[in-house]
Every structure is written in structure tokens, then in C-alpha cells.
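Below: the structure, in C-alpha cells.
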Amino acid sequence: MEYNFGEIEQKWQSYWKENGTYKTEIDKNKPKYYVLDMFPYPSGAGLHVGHPLGYIASDIFSRYKRLQGFNVLHPMGYDAYGLPAEQYAIQTGQHPLITTQKNIARYREQLDKIGFCYDWDREIRTCEPDYYHWTQWAFIQMFNHYFDSKLQKAQPVLELVKSFEKSGTENINAVCTEELTFTSEEWKAKTEKEQQEILLNYRIAYLADLKVNWCPALGTVLANDEVSEGVSIRGGHPVEQRVMRQWSLRVSAYAQRLLDGLDTIDWTDSLKETQKNWIGRSEGAEMKFQLKGQDVEFEIFTTRADTIYGVTFMVLAPESDYVKVCTTPEQASEVEAYLEQVKKRTERERISDRRVTGVFTGSYAINPVSGTEIPIWISDYVLAGYGTGAIMAVPAHDSRDYAFAKYFNLPIIPLIEGCDVSEESFDAKEGIMENSGFLNGMTVKEAIAAAKKYVDEKRIGRVKVNYRLRDAIFSRQRYWGEPFPVYYKDGMPYMLDESKLPLQLPEVDKFLPTEKGEPPLGRAKNWETEDHFPLELCTMPGFAGSSAYYLRYMDPKNDKALVSKEANEYWRNVDLYIGGTEHATGHLIYSRFWNKFLFDLGLVCEEEPFKKLINQGMIQGRSNFVYRIKDSNTFVSLNLKDQYETTPIHVDVNIVSNDILDVEKFKNWSPDYKSAEFILEDGKYHCGWAVEKMSKSMYNVVNPDDIVERYGADTLRLYEMFLGPLEQSKPWDTNGIDGVHRFLKRLWSLFYKDGSLLVNDEIPTADELKSLHKTIKKITFDIENFSYNTSVSAFMICVNELFGFKCSKKSILEPLVILLAPFAPHIAEELYQVLGNGTTVCDAQFPVCNEAYLVESSVKYPISFNGKVRFMLELPADMSKEDVEKTAMANEQTEKYLEGKSPKKVIVVPGKIVNIVI
RNA sequence: GCCCGGAUGGUGGAAUGGUAGACACGAAGGACUUAAAAUCCUUUGGCUUCACGGCUGUGCGGGUUCAAGUCCCGCUUCGGGUACCA
């Protein structure tokens, strides 16, 4: 019997489906293990060979855990809302739901062919009402809670209202957008509308006027992590700053907890570092500066309070509220012009063009420590959104201030002994202070502490911690997203009653904004409550649906709650999460925030959603080139191309094999090449190659379906793992795949030869047992360490050895097949059955290494001289150190290498090596 | 600029401080075959030698060590993240 992978794979995929092999239920008699893949956005292009990499890795781990007796939850679903389907809808009129369903069907078909052990009964799609019901529900909870900075957790807004009624803003610790002060009487005197407006200032989901990233091409706002270098990550469209009334989530309130939580989870250091930087905690001081001649104070934030004596000017962000106060009539027109100029610049221009710009307001401030007068400037290098939107400039010790001072000819006062600030600022926090009054003689470190203490004691400011992390803008002016469970009464937002959920996405005639410029939902008929209050027109962003999906998999059909207490307490959180690095500052921050919020409400039992996280590397493309001789239709082979003037042209990698072009296929590839001529080397056309991104335009996309068709899913799975370390990026090159395919065929040949079954019940030899148990040990270690490339090698070594032994013994082959089952489940099932088992290999027990079989009776010692290995000496494994040394020294070859000299030292590492130092 | 990763044969890669290049691809040679495919066997870092062998070799320059691809210091270079965050 031949290894007919096509037949075998179909057989077992049907078996798994019919027998519900991967159906998972709560089983309190077994320990749980939750393995999760980052669910995909189903794009129209389908899967290429890079996508399943992480899925295969997690599938191997899931199957391994199951074989070890764990009850494994391994679900899959779709991040179904997204811009591409909507852009397509705008162009073609096709409803995004249709596109999405079609793409999902295609994805599913492709995924099924690879033989994953997903429990598809738990599938979720973020665009389905049963699912987004709970996205809307969570939003309502966020609206109804505020963050208490003292308790460091979410609390009901009702409690806050009680507190306002009792004692106004006194004694409250609510994190807010803007500090407010009022008494209980003042609160009670306010209208309903005024009270609601005030409460928005505290809610975790709140509506506020914000400076947002507006993307005109997409017609929507974007979150910070959806913008990079001034353009949208999806589509690369320019983004500009705009003030708009938008829903936001007070993620920033959780900054400290998001930071602290990183210490409790098993993620890579680089990913933790990225999140730390994104959260951007900085300790400093907020200080008050008096405006000269007016009874106005304003606050700045600095981490270098020690440099207060070197402040030679102040800078306000163009958007700062202080701009109006500070601008004198004489400067008014100049300031006006500057603000206009700043407004016109897009974010991209601002980032790419680092020219120093700014304008003097005409006013001066008083240094609260030294009492000197300093000019107040406006410049867009100060950001409105960070700190207080105003800074004290210390040009001697801050490079940005330095550039500004040089440009506008402002004074620069050095504060550290011996520092040279004639060419550049001295930013390092080291040295001894000078020109700094009471701080003179201190080290910078001491001075920072002393200055903070001084600021605190003299009440000219306070010690303050700032975070770079901003609140997440949650409104999108788009159609294809979750509708907000929000209606408006008297211009104020109110939540729908939970019984009205899910609020379903309505139909619209076109997926474009209305004539009035409202979002597409403005086109929906009867988009209002039963009492005719208008509903919110924006929809939620992409990250809404992905922020709690891992919880829903635990209990996907529950119509009473996001997840039942029972399911949550059993499955708890994700033990292993595998996905790409691109989600480091988006999804992985938002879902941690979302989970912490639900944790505060007592709805989930674990504070961190993802215990261990692994980032699989990117699979890059490997492109092939042909070389066309200029102004001709003749193509010259790689090594002859330098004799001509040529243009390299991308050629479809699927018509190239081992860099040799299939000339006939090439001619049929495009009508232009029908009459192409070739200059060959030894009868072949050799192509050039390069590692590039895998993309259609490079003609280097490899489709997993094609690989499965040609080699089978097991070969694909093994080869993806064999390519290299999981976390490393590496190019896909189909050429090497024959190696793993041969391995499977060779494994098969241990079972069958010329159609007859070879398997027997003979007693295994010591060598065979050693080969098997060595492999068990290696595979177990490698799986635990996600070193799957070396596992595949270990399997190859084992099968090569058994092949050498002509071993077809059941007692060796059966454990081997179980060992291989996580990697190549189809062939493992088939061979497991061939061995006489009536159940699925998934329910077998993972073999355990017996060290007794690995004990060696002798060791081959490399004998080295000055570190250079000269010959080998086989000695008994239990020989003492002294005897090894004696034997080595007595060897006749040793004499030769000693060259008559006597050794200075002899190092013997038992079981390893002998080194003789001459 | 700052913060992370990398750099090993023609290629993908392996190596708890202890024989560098496991395992594979490719290539070369051979067996089987009318032939091809498939399969099997041998060789394969470079230089050198008829051969035994010798020299050299993990991006570059130093260092620690009996012993360094691996640890330390200083560079070069490629990739990723982030960027006026005061």
C-alpha cells in the first residue's frame, strides 16, 4: 500500500467531524488548558501559506496537551467587522455581510484542509447580533462606571452621584477628563442635562470633544494605534487633527494597572517593553508659573524639576487654553497667523518636517523659584495632549528646547559643571549642579529629589506621574461595525435598557455618509427608540469586537450573559495565546483593559486575559526573477545576464522549481510572453531570487491549498514548522518541502512494503529502544519550548535510524505514532488504526521517556590539545576522572601531539571532553 | 534619535561554555529502469594533499577562559517597534 495522503486526510477529517472528536465540554475531573489563536479578519484574498504558521503551532500544542490528559479548549472564529468589506461595499454596492460571509466560507474551507483540532461548535463572528450583544452590553457597563484612583478600580457612577449629592466633589477620587469643583448644593441646583454633562467627565465610556485623528479618505476617526507616521495603517491615507465630539474609553485610568500586570504574565521581554513604552509612565512634577502682571497661574509638567534655574522661556502648545490669556494685543495678529499655519499642517507634515517654528505671545511669566521673568512662546513641538500642554524650556539640557532657543536666539544657561552646550544640549541626567541656587553641588539625581521636595513644600506645585497612554477613541463614522446602544435626549446620551439588546445594525441604501455629512447610519429608516429618540449614528471600532472574544469562546451560546460564572471559573483565562506582533499596542492593550474592567465588576475571575503569549514570526515571500534583454522579448538565464543589458521581472514562483523556470508554463503565463525566446545555461533557465513581502504584486504568493493538494496537509504542517524557529521571520521556499514529504513516506515504509504489512510483535533491541526514547525526550522538551523545527529533525533522525534497523516492531512504532500525532495528525490516525487501535489517536496517552534506555556504557571522548580536537578515545562511561586522564596521557597518539613537551595541565570533563594544555 | 531582535556552508537552519555546520534542500556521482518518476547508496564549509593528514573557518576588532558561535567591551550591518511625551 502506498502513502495516499489525499485519501487518508479526507478519511480522518470526516471521521473527526462525524465523531465530534474535537468537541469540548467542561469536565471538572480534568485540568483545563486554553489555547487561543488571534482570530483572523477574513480578507478577500484568502489564506496564504504564512497565515497558518501560528495556527499549526497552537494546534500542535493543543493536541500535545490533550494527549497529556488536559481538557483543552481550542476555538476559532472571525474578526468579521472591518474596513475592507465596507470599502468594497462602497465601490460595488454589495452588502459587507455578503462579502464577509463569502470570505469566511473560503477561510473555513482552507482551514479545514489543514486538519486543525478546533471545536467549531464554539465559533464566533463579531458581526453576529448574538455576539455583539455582549460588546454593546460591556459598553453600557463602562458608561455606568467610573474609575476610582484611590481604590484603583471601577466603581458604579451611581455611587459617584450619591457622593455629589452628599458633599459635592469633596473627597472624590474619580479619574476624570477635567478637574471640577462644586458643592452638593451646586450639584443639586443643576439641571438634568447639566448633571449628565458633568457625569460624562467621569464615566469610563464617555462622550467628549477631543482632538482626534481624522482620516478624510476613510471618512472616519482612528485610534492612535491605527495611525503610524501620520497615515492610516489600513490603506495609508493621510490623517489630520480635528476636534470632534466622540465616544472614548478611559483606558488611561488603567495605565498603572496595565503596567503592573506585565510583571505577572509570561510574554516576551520585547513585547512587554513595547507595551511599557506605549503606556509611557514618567514621574515628575507639575509646577505653577505666575503670569506677569496678571492674576493668572498656569501649570507645566516636568521630569527635570532640578533644572528650574535654567528655564529661559516657556512654550505653550498651539491648542492650549492659555494661548488666549497670554497673547498681548501687539502680538495678536502674529499669533493668529501662526495658529492658522499650524492648523493647516497635517500630522504627517508635522512629523516629517521638523523645522523649528513658533511665535512669541508678548507675555512673560515669573519663575516661581528664581523669580526671574521669562518670555512665553507658542510652538507645535509642545503637544496639547500630554501633561498640561505647557512646558518650562531648559535649552541647556533638552535638545528640543535647545533647537528652539538657537533658532530664536534665546539665552542658554548651563546647569551642570563642565558641560559644553555650545553645539548641543546636555540631556544626560548626570553631573554636579551649578548656577542653581540651593541645588548647587548636588548630583543631578539628588537635585531632582530635592527640587521635587522643594516644589511640594513651598506649594508651587506637586509631584505627579504622567502616562503617555491616551484614552481610546471609540466612535467610527462608518457602517460596518457594532451599533452603539445609545440614544440621545435633549442632546445628552443615554443607554438603552439591557433588555433591548442586541441593537441590530440597520439596513441602509448606500454605505456612504449622508448629504448632511452624517455617518452612514444617518440613512437608516426609523433609526430611533420606540419613544422616537434618535439613536447614535457612529459605530464601534475594530478593536471593540476583539477585546473580549476569548471570554465568549468559553460559553459561546449563552444568551443570558457574556460568559457564565461556571464556564469562566473553569476555563479562567488563556494559557497560551499565539499571534503576530502587530497587535502589541492595539488589541493586546485594549483586551487587557477590557478584561480588567470586567474583573473589577466581578464578572471574570482572572485579571490578565493571556497568561503566556508567543509571537510567531512573519513568513516572507521568496520571489523569482527572469531577466529580459532590453528592447527585446528574449530572456537570459541568471549567470549569463551580465553579458547583456537586462531588466529583472518578477515571475510567478509557482512556475519555477528550484529556481529553474518552466519555460512552457512561462510562455502561457501571459500573452506578452507567448513568443518569448530564451538564452539558457546547460539547457535550463535559472531564475534569480530575493526575499520580499509575500504579495500578489511580487508573484510570490503560495497558497496552502496547492501545497495540500500536492503533498498533503501533514507535509504542509511539518514543513511550516521545519522552516525555522517559530518566533523568527523567515522566507517561504517551497523547494525544501520534499524533505519532510520523504520523511513521511519513509515512516510509511516502516509499516508497508510492496503492499504487505510489516508490523510485527517482535521484542525491540536496545538500540531501537534508545532511538525511540531519545526521541520521546527530545520531542517532549521541544514542544514545551516551542522549538518545533528541531522536533521535526528529531523525528527524521528517529525514522532514519529505525529504517537502518529495518525495525517494524509494534512496540516501537506505536509510541512513535502517538508522538507524531500533534504534528501530523492524519497519518498518525491512520497508522494508529493500522496498529490495531479502534479509537482516535487523540485519546491516546503521550509516551514518557524511560531514561534507563538512554544510559550509555561507553563515551567517545574527544582528546584535544590547547582546545583543538585531535583524536577520539572510547572509554567506559563510569571511568573515573583520574583514570580518564591516565588513559589519555598513556595513549600513543598523545605522545605525537605533545611533541616531547610535558603538559602544563590536563582538564577532564567526565562524559564530555579531555583538554591537554601544553 | 531611542528601545528591542538578528548576522553560522550555495539555501533553510542545528549546537545546557566542551568534536561548529545536526536535520533538510540543492548539487555531484552511483544502483534499479528500455526510459522517466519514485526509491536506495556515496560525497558535499573553504584551502591544501595521490593519500594519511594539515591549515582555516560562526559579520569586524579586542577581552575573559584550559576551552567562546555561545560570556564581557567596542564597532559594522540588516530587520522590527517607536518617535517632538518635557
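In this text the structure is predicted, and so the values were computed from the model without any measurement. Each chain gets a letter, A, B and so on, in the order its sequence line appears, and its residues count up from 1.
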(request) Using the C1' atom on both, measure B:U16 against B:A7 and round to a whole Å. (result) 23 Å

(request) Would you indicate what A:K745 reaches in the nucleic acid, counting non-hydrogen atoms under 4.0 angstrom: base, sugar-phosphate, or nothing? (result) sugar-phosphate

(request) Compute the ring centroids of A:F298 and A:Y322, then answer whether they are less than 6.0 Å apart. (result) yes

(request) Would you please test A:I279 and A:I589 for side chain to side chain contact (heavy atoms under 4.5 Å, CB included) and show each step? (result) CA-CA 9 Å; A:I279 295 166; A:I589 290 266; 4.3 Å; yes

(request) In whole angstrom, give me the gap between the C1' atoms of B:C60 and B:G53. (result) 32 Å

(request) Treat primed atoms plus P, OP1 and OP2 as sugar-phosphate and everything else as base, then score nucleotides 17-25 of chain B 5' to 3': B for base contact with protein heavy atoms under 4.0 Å, S for sugar-phosphate contact only, - for none. (result) -BB--BBSS

(request) In whole angstrom, give me the gap between the C1' atoms of B:C41 and B:G45. (result) 23 Å

(message) Distance check, P atoms only: B:A14 and B:G9, in whole angstrom units.
(response) 13 Å

(message) Is it the case that the ring center of A:F5 lies less than 6.0 angstrom away from the ring center of A:H741?
(response) yes

(message) Considering every strand and a 4.0 Å limit on heavy-atom distances, what is the contact class for A:Q728: base, sugar-phosphate, or nothing?
(response) sugar-phosphate

(request) May I ask you to say what A:R622 touches in the nucleic acid, namely base, sugar-phosphate or nothing, with a heavy-atom cut-off under 4.0 Å? (result) nothing

(request) Would you classify A:Y897 as touching base, sugar-phosphate or nothing, given that sugar-phosphate means primed atoms plus P, OP1 and OP2, and contacts are heavy atoms under 4.0 Å? (result) sugar-phosphate

(request) Assign A:K868 to base, sugar-phosphate, or nothing according to its heavy-atom contacts below 4.0 angstrom with the strands shown. (result) sugar-phosphate

(request) Quickly work out the A:H686 NE2 to B:U11 C1' distance and round it to whole Å. (result) 15 Å

(request) Using the P atom on both, measure B:C78 against B:U70 and round to a whole Å. (result) 22 Å

(message) For A:F823 and A:Y788, take the angle between the two ring planes, folded into 0 to 90°, and tell me which bin it lands in: parallel under 30, tilted 30 to 60, perpendicular over 60.
(response) perpendicular

(message) Could you check whether A:Y3 and A:Y752 have their ring centres less than 6.0 Å apart?
(response) no

(request) Kindly say whether the aromatic ring centers of A:W689 and A:F625 come within a distance under 6.0 Å. (result) no

(request) Write down the distance separating the C1' atoms in B:U76 and B:G21, rounded off to the nearest Å. (result) 24 Å

